[in-house]
Amino acid sequence: MSEATEKPRERYDAALADDIETKWQAAWKAAGTYHTPNPAGSLTEGPTDGPADLASRPKLFIMDMFPYPSGSGLHVGHPLGYISTDVYARFKRMTGHNVLHTMGYDAFGLPAEEHARQTGVHPRENTEANIANMSRQLARLGLGHDDRRAIATTDEAYYRWTQWIFNQIFNAWFDEDQQKARPISELEAEFADGTRATPDGRPWADLSTSEQRAALHEYRLAYVSEAPVNWCPGLGTVLANEEVTAEGRSDRGNFPVFRRPLKQWMMRITAYADRLLDDLDLLDWTDSIKTMQRNWIGRSEGAHVDFRVPTAADATGEVATIQVFTTRPDTLFGATYMVLAPEHELVDHLVTDAWPEGTKDAWNGGAATPADAVAAYRHTTSQKSDLDRQENKTKTGVFTGSYAVNPVNDESIPVFIADYVLMGYGTGAIMAVPGQDERDWEFAEAFGLDIIRTVQPSADFVGVENGGEGKAYIGDGPAINSGFLDGMEVAEAKSAMIEHLEETGAGEGTVTTKLRDWLFARQRYWGEPIPILFDADGNPLSVPDSELPVNLPELIDWAPRTLDEDSEPEPPLGRATEWTTVELDLGDGTETFKRDLNVMPQWAGSCWYYLRYIDPESDDVVADPTSEKYWMGGEDADAGGVDLYVGGVEHAVLHLLYSRFWHKVLYDLGHVTTKEPFKRLINQGYIQAYAFKDDRGIYVEAADVTETADGYEFDGQSVAREYGKMGKSLKNAVTPDDMYEQYGADTLRLYEMFMGPIDQDRPWETKSVVGSQRLLQRIWRNLVDEDSGELTVSDDAASDALHRVLHRTIDAVRTDMDALSFNTSIARITELNNELTKLDGPTPREVADPLVRMISPLVPHVAEELWQRLGNDTSVVYADFPTADPALLVDDEIEIPVQIKGKVRSRITVAADADDATLEAAALADERIQELLDGAEIRKVIVVSGRLVNIIA
RNA sequence: GCGGACGUGGCGGAACUGGCAGACGCGCCAGGUUUAGGUCCUGGUGCCCGAAAGGGCAUGGGGGUUCGAUUCCCCCCGUCCGCACCA
């Protein structure tokens with residue numbers, strides 16, 4: 001770029017912005033400008049250049065979902081949320097709040113381990129390098145974070161407390177009566193004093209230490225369970241369900257995943273299902289996120305019903321009983337067959353030696369015996385991927401040979417296995433009511449089973465009755481063919497049936513959730529070691545808090561191995577042979593313990609980081625109680641929580657649900673004062689960008705594409721435009737560093753905030769950034785002479801009109817900033833500045849001063865520079881945000897539109913406080929209106945005070 | 001299939017609890033500064049008819065409520081997101 005010789009010395013361009021930005025970033029750092037004082041404990045020091053009374057001001061706790069420190073650095077899409085929270089935080093600092101805002105790193109996780117496997121670089125080394133790079137990029141944005149509070153989940157000082165929380169959970173049980181977690185010691189006391197019976201009824205003292213440990217283990221909120229897990233040999237690890245795609249492959253790397261039984265750490269999140277559901281009502285979150293959480297929890301009310309199978313015996317020799325869950329107990333009279341999931345444990349007992357009399361051809365799967373049919377069917381099912389099962393909704397299944405007895409009418413009904421019944425939901429078995437269930441109807445048709453309607457379909461229902469196709473009727477209506485229920489509406493029939501079942505002992509009302517307990521263990525290296533020791537009998541015991549943290553052993557050969565399909569799960573920590581055993585006295589004499597070899601999932605560190613932001617230094621407590629109560633707003637447990645939490649919608653369910661769960665346990669145990677961690681949540685939108693493909697279908701560098709009359713061109717070739725996520729793969733990434741170089745950080749901030757509302761996706765357009773730079777240039781030029789660098793601000797009073805514009809702007813900007821509506825704030829500031837540009841003279845100080853204050857949350861560096869040039873010697877960061885004078889918001893005279901039949905035809909100027917009669921008279925007297933009415937009869941006149949007049953002629 | 005969000009100029013987007021649709025910006029057009037281009041400055045810019053005055057049409061489509069609808073209600077179309085044989 002050739003330098004124009006006459007370019008003004010002090011034009012606000014990228015070079016000047018760079019000078020200003022780096023200068024003030026250094027100054028803020030030196031002064032600790034963003035140091036937020038705690039009310040007690042550590043970090044009670046505030047900024048040296050801020051007000052002394054900060055800690056006694058009302059608090060505001062603002063958070064971003066902290067990032068994983070990726071090796072590829074940032075693009076302009078990443079900081080969108082961070083800028084939003086920064087602007088809001090700065091605005092709130094100027095309205096008298098003590099604002100806590102910082103940033104950390106969610107730094108454990110598989111990518112560093114994968115990278116390490118490829119390069120041999122230790123995950124810690126790689127992670128720290130990535131954090132350093134990302135911190136540099138973020139710091140250049142001028143985010144007002146209290147860097148004393150920055151944490152990384154990989155810090156030993158941090159994960160010590162992650163492990164401590166694990167121990168809290170492990171050493172707690174859920175008291176169903178009180179619906180809350182209590183220390184396990186209280187359970188032990190109940191066993192000891194006989195309040196609660198031991199599992200086998202013997203006195204507690206008669207149990208051996210090992211038996212006692214085993215008994216307590218059954219109750220713990222974190223427990224070991226032998227459960228089928230998703231073993232992924234390609235990654236050498238077990239994956240959580242959410243990390244497995246619908247195709248049955250790993251989310252990361254797309255390796256095949258196999259179901260294997262394994263001893264796993266589980267967290268009893270299901271105990272909290274009701275509270276996690278109910279307390280959503282306390283939260284200021286969007287309906288869509290709340291709905292997603294509700295769906296994920298999937299609470300449904302219904303009944304358990306027991307069906308006896310007289311011909312079959314269960315494992316204990318008892319007559320087998322199949323328990324089903326149903327949300328429609330009212331339809332029990334219509335249950336004409338039963339279905340078990342193929343994996344159901346009772347299936348083996350139900351399979352008969354030979355096909356009984358009456359077995360239809362369709363039922364036997366072409367096999368000679370039920371055992372053969374079941375085995376073959378199970379095999380076929382296990383071969384099917386989840387995707388197959390989804391796409392092919394044709395009902396399949398086979399008869400087990402057994403008949404169950406319907407408890408309400410003693411009818412004998414056949415028992416099938418079919419893969420449309422899932423082991424993972426309810427009891428893994430259903431009573432099939434084809435008359436009232438689509439799926440059961442399809443199965444019944446395919447297998448020639450009886451269909452009995454037990455609800456009278458409504459008149460408009462198009463089923464067989466009304467000459468239509470066969471169909472289940474799901475709607476409301478009176479019960480029919482249902483004995484004592486006949487005539488009752490669905491809801492009434494449901495409760496009547498539940499009452500009947502409970503009286504006869506055939507079942508009971510119950511609640512089921514889709515939510516499963518949380519599989520918490522990972523067979524990896526780069527995570528928090530689970531602080532558990534196993535005694536000689538294999539009972540798990542927590543490492544004493546005084547021995548925390550359990551540090552990761554240093555491994556040379558630490559990487560997960562890629563294993564073959566038949567492999568057994570193998571945790572990498574098992575290779576640190578010296579580390580795996582430890583001698584310790586846990587109060588029962590010195591024992592030799594084996595360490596748990598699993599690490600925690602990545603969710604763990606992010607479950608509670610808000611607490612450590614509050615108090616990152618305390619050694620003896622997870623967070624200082626006074627500071628915790630202050631920052632979380634714990635005076636009112638219902639209303640408390642982080643005041644604003646901003647992050648991506650991809651964390652709508654898991655992170656937020658896990659975090660809420662941990663928080664509730666900590667609340668029950670008295671470590672935190674609020675019921676919920678995050679009071680208000682906003683999902684910021686994503687920045688997307690255009691991408692371009694050539695005719696071979698290969699992406700070309702988007703930055704080098706030019707727009708032509710009829711399309712787009714790259715290197716002389718026409719290319720096709722697409723739209724999608726910004727990133728390397730689409731070759732459309734724009735980095736913050738590019739923007740700093742071309743425009744400066746303030747312009748980038750301003751542009752990102754101007755693009756649209758915070759929660760909306762939006763397309764990035766580098767060519768539009770210039771608009772934001774122009775605004776800053778014009779503001780600068782209105783205050784500073786570009787050639788001399790002198791201030792062009794006068795002490796003369798502003799005109800009355802300007803005064804009014806100023807105060808209207810202040811009023812609007814205050815409201816909009818408070819509503820996080822930064823795009824409209826910027827629009828109003830632009831309008832004010834356009835007025836200043838038109839002035840054709842120096843800017844009155846009484847406008848310049850509030851203008852600089854108003855822009856400072858958005859563009860802190862240039863605002864601080866102008867603030868200083870205006871003669872201030874304290875930082876604008878803690879200056880008061882301007883307040884509008886209400887008297888200047890109302891005009892003496894206003895112009896209002898006059899409509900004829902709803903269409904604006906003229907305008908009249910009237911006194912602002914004119915009454916309706918005056919308005920009507922003025923409107924009717926208006927020349928243009930008279931002309932248009934032309935003597936027509938006026939039927940009605942609607943006057944909206946201060947708004948408009950509408951004449952109906 | 002079920003659930004949620006949304007649909008406004010060439011583009012990003014404004015419009016409070018129903019009251020002047022299109023604020024602000026990008027782009028585009030015209031003019032100024034400049035040797036020229038760019039930068040920068042000033043003005044214009046929803047669409048259609050019209051020289052203008054003015055008029056007509058416009059918030060995905062259709063209907064409704066209302067003096068008045070981007071806003072409220074019903075139906076349809078489309079886009080995005082979540083869940084998915086959940087008993």
Side-chain angles (χ1 to χ4, degrees), chain A residues 1-2 4 6-8 11 13 246 286-296 298-300 302 324-328 331 339 341 386 389-390 392-395 418-422 424-433 436-440 442-443 512-514 649-650 652-653 683 707 750-751 754-757 759-772 774-775 777-778 781 786 812 815 819 821 823-831 833-834 837-838 895-907 939-944 946-953:
Chain A
M1 201 202 288
S2 66
E6 69 275 46
K7 184 187 88 73
R11 160 148 307 161
D13 59 9
T286 61
D287 286 342
S288 81
I289 300 281
K290 287 188 184 182
T291 305
M292 280 162 78
Q293 293 229 337
R294 287 193 185 105
N295 290 344
W296 191 264
R299 185 182 200 274
S300 53
V324 303
F325 173 72
T326 176
T327 55
R328 293 295 302 273
T331 63
V339 184
D386 287 354
R389 281 174 74 151
Q390 273 173 49
N392 186 6
K393 299 214 171 168
T394 316
K395 296 288 179 286
D419 65 2
Y420 84 92
V421 172
L422 309 173
Y425 184 73
T427 62
I430 61 157
M431 62 177 209
V433 187
Q436 273 77 230
D437 185 287
E438 253 341 305
R439 299 153 299 179
D440 295 344
E442 288 169 23
F443 190 88
T512 291
T513 59
K514 274 197 273 180
V649 70
E650 70 271 20
V653 177
N683 291 114
E707 195 167 351
L750 190 64
Y751 175 64
F754 185 60
M755 289 168 82
D759 55 354
Q760 226 167 78
D761 291 350
R762 65 209 71 184
W764 177 267
E765 278 194 318
T766 298
K767 69 172 185 184
S768 294
V769 179
V770 69
S772 296
R774 278 180 200 149
L775 173 59
Q777 270 176 354
R778 288 169 188 165
R781 196 157 42 225
E786 287 189 334
T815 309
S821 181
N823 53 333
T824 52
S825 296
I826 295 166
R828 305 311 291 262
I829 289 168
T830 307
E831 286 176 310
N833 191 60
N834 286 348
T837 305
K838 280 185 222 154
E895 191 189 66
I896 65 164
V898 180
Q899 299 181 330
I900 295 176
K901 287 199 270 192
K903 285 188 191 290
V904 178
R905 296 302 181 184
S906 184
R907 286 157 213 288
R939 291 189 303 183
K940 196 173 177 186
V941 178
I942 290 132
V943 180
V944 185
R947 272 268 150 77
L948 57 62
V949 179
N950 188 9
I951 299 163
I952 316 301

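Proteins come first, then strands; the chains are lettered A, B, ... in the order of their sequence lines, and each starts at number 1.
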Novice: Can you list everything that forms a side-chain contact (heavy atoms from CB on, under 4.5 Å) with A:Thr837? Sequence neighbours excluded, please.
Specialist: A:Asn782, A:Asn833
Novice: Need to verify one output field. Residue with the more 5' nearest nucleotide on RNA chain B, A:Thr327 or A:Val904?
Specialist: A:Val904
Novice: Heavy atoms under 4.0 Å, any strand shown: does A:Asp440 hit a base, just sugar-phosphate, or nothing?
Specialist: nothing
Novice: Both distances below 3.5 Å, Watson-Crick or wobble geometry, any strand: find the nucleotide opposite B:A52.
Specialist: none
Novice: Of the candidate nucleotides B:C20, B:C85, B:C83, which contains the atom at the shortest distance from the side chain of A:Pro897?
Specialist: B:C20
Novice: Whole-Å distance between B:U66 P and A:Asn950 CG?
Specialist: 15 Å
Novice: In chain order, what residues pass the salt bridge (Lys or Arg N to Asp or Glu O under 4.0 Å) check against A:Lys940, with sequence neighbours excluded?
Specialist: none
Novice: Does B:G22 have a Watson-Crick or wobble partner in any strand here, with both distances under 3.5 angstrom, and which is it?
Specialist: none
Novice: Applying ring-ring contact (aromatic ring centres under 6.0 Å, His included), can you list everything that pairs with A:Phe443, at least two apart in sequence or on another chain?
Specialist: A:Tyr337, A:Phe416, A:Tyr420, A:Phe447
Novice: Is a donor-acceptor pair below 3.5 Å formed from side chain A:Arg294 to base B:C2, judging by atom type as modelled?
Specialist: no
Novice: Between B:C20, B:G4, B:G19, which nucleotide gets closest to the side-chain atoms of A:Thr291?
Specialist: B:G4
Novice: Rounded to the nearest Å, what distance is computed from the NZ atom of residue A:Lys395 to the P atom of nucleotide B:A87?
Specialist: 14 Å
Novice: Under a 3.5 Å cut-off for both contacts, is B:U59 paired Watson-Crick or G-U wobble with anything, and if yes, with which nucleotide?
Specialist: none
Novice: Could you tell me the Watson-Crick or G-U partner of B:G27, where both distances fall under 3.5 Å? Say none if there is no partner.
Specialist: B:U45
Novice: Could you list the residues that satisfy side-chain hydrogen bond (donor to acceptor under 3.5 Å, both in side chains) with A:Gln760, not counting sequence neighbours?
Specialist: none
Novice: Quantified in whole Å, what is the P atom distance between nucleotide B:G10 and nucleotide B:U45?
Specialist: 16 Å
Novice: Please determine, for the side chain of A:Arg947, which listed nucleotide (B:A87, B:G3, B:C16) has the closest atom?
Specialist: B:C16
Novice: So, for A:Met755 and A:Pro763, which heavy atoms are closest and what is the spacing to 0.1 Å?
Specialist: CE-O, 3.2 Å
Novice: Under a plain distance cut-off of 3.5 Å, with no hydrogens placed, do A:Tyr751 and A:Thr766 share a side-chain donor-acceptor pair?
Specialist: no
Novice: B:A21 and B:A58: how far apart are their P atoms, nearest whole angstrom?
Specialist: 13 Å
Novice: Could you tell me the Watson-Crick or G-U partner of B:C86, where both distances fall under 3.5 Å? Say none if there is no partner.
Specialist: none
Novice: Check nucleotides 8-14 of chain B for protein N or O atoms closer than 3.5 Å to its own N or O atoms and list the pairs.
Specialist:
from, atom 1, to, atom 2, distance (Å)
B:G12, O2', A:Met755, O, 2.7
B:G13, OP1, A:Gln760, OE1, 3.3
B:G13, OP1, A:Asp761, O, 3.4
B:A14, OP1, A:Asn823, ND2, 3.3

Novice: Any side-chain donor paired with an acceptor under 3.5 Å for A:Thr824 and A:Ser821?
Specialist: yes
Novice: Once you apply a heavy-atom cut-off of 4.0 Å, does A:Ile952 come out as touching a base, just sugar-phosphate, or nothing?
Specialist: sugar-phosphate
Novice: So, using salt bridge (Lys or Arg N to Asp or Glu O under 4.0 Å) as the criterion, who are the partners of A:Arg778 when residues are at least two apart?
Specialist: none
Novice: Identify, with sequence neighbours excluded, every residue that meets salt bridge (Lys or Arg N to Asp or Glu O under 4.0 Å) alongside A:Arg328.
Specialist: A:Asp330
Novice: Among B:G82, B:G19, B:A87, which nucleotide sits nearest the side chain of A:Gln899?
Specialist: B:G19
Novice: Grab the N/O contacts between the protein and nucleotides 41-43 of chain B below 3.5 Å, and write none if there aren't any.
Specialist:
from, atom 1, to, atom 2, distance (Å)
B:C41, OP1, A:Arg778, NE, 2.8
B:C41, OP1, A:Arg781, NH2, 2.6
B:C41, OP2, A:Arg778, NH2, 3.2

Novice: Check the interface with nucleotides 55-57 of chain B: list each N/O to N/O pair with the protein under 3.5 Å, or write none.
Specialist:
from, atom 1, to, atom 2, distance (Å)
B:G55, OP1, A:Arg928, NH2, 2.8
B:G56, OP2, A:Arg905, NH1, 3.4

Novice: Is the closest basic N to carboxylate O distance between A:Arg11 and A:Asp13 below 4.0 Å?
Specialist: no
Novice: Nearest to the side chain of A:Leu422 - B:C24, B:C26, B:C85?
Specialist: B:C85
Novice: For A:Glu765, give me all partners under salt bridge (Lys or Arg N to Asp or Glu O under 4.0 Å), at least two apart in sequence or on another chain.
Specialist: none
Novice: On a whole-Å scale, what distance lies between the P atoms belonging to B:U79 and B:U70?
Specialist: 25 Å
Novice: Restricting to side-chain contact (heavy atoms from CB on, under 4.5 Å), what partner residues turn up for A:Ala429, sequence neighbours left out?
Specialist: A:Ile322, A:Val324, A:Leu340, A:His344, A:Thr427
Novice: For A:Ala341, which residues count as a side-chain contact (heavy atoms from CB on, under 4.5 Å) partner, sequence neighbours excluded?
Specialist: A:Glu343, A:Val421, A:Met423
Novice: Can you tell me how far P in B:C26 sits from the matching atom in B:C74, rounded to whole Å?
Specialist: 41 Å
Novice: Based on the glycosidic angle (syn within 90° of 0, else anti), state the conformation of B:G18.
Specialist: anti
Novice: In Watson-Crick or G-U wobble terms, both distances under 3.5 Å, what is the partner of B:G38?
Specialist: none
Novice: Counting Watson-Crick and G-U wobble pairs only, both distances under 3.5 Å, name the nucleotide matched with B:U66, or none.
Specialist: none
Novice: Taking the same atom, P, in B:G7 and in B:G13, what whole-Å distance lies between them?
Specialist: 10 Å
Novice: Report the base-pairing partner of B:C80 (Watson-Crick or G-U wobble, both distances below 3.5 angstrom), or none.
Specialist: B:G4
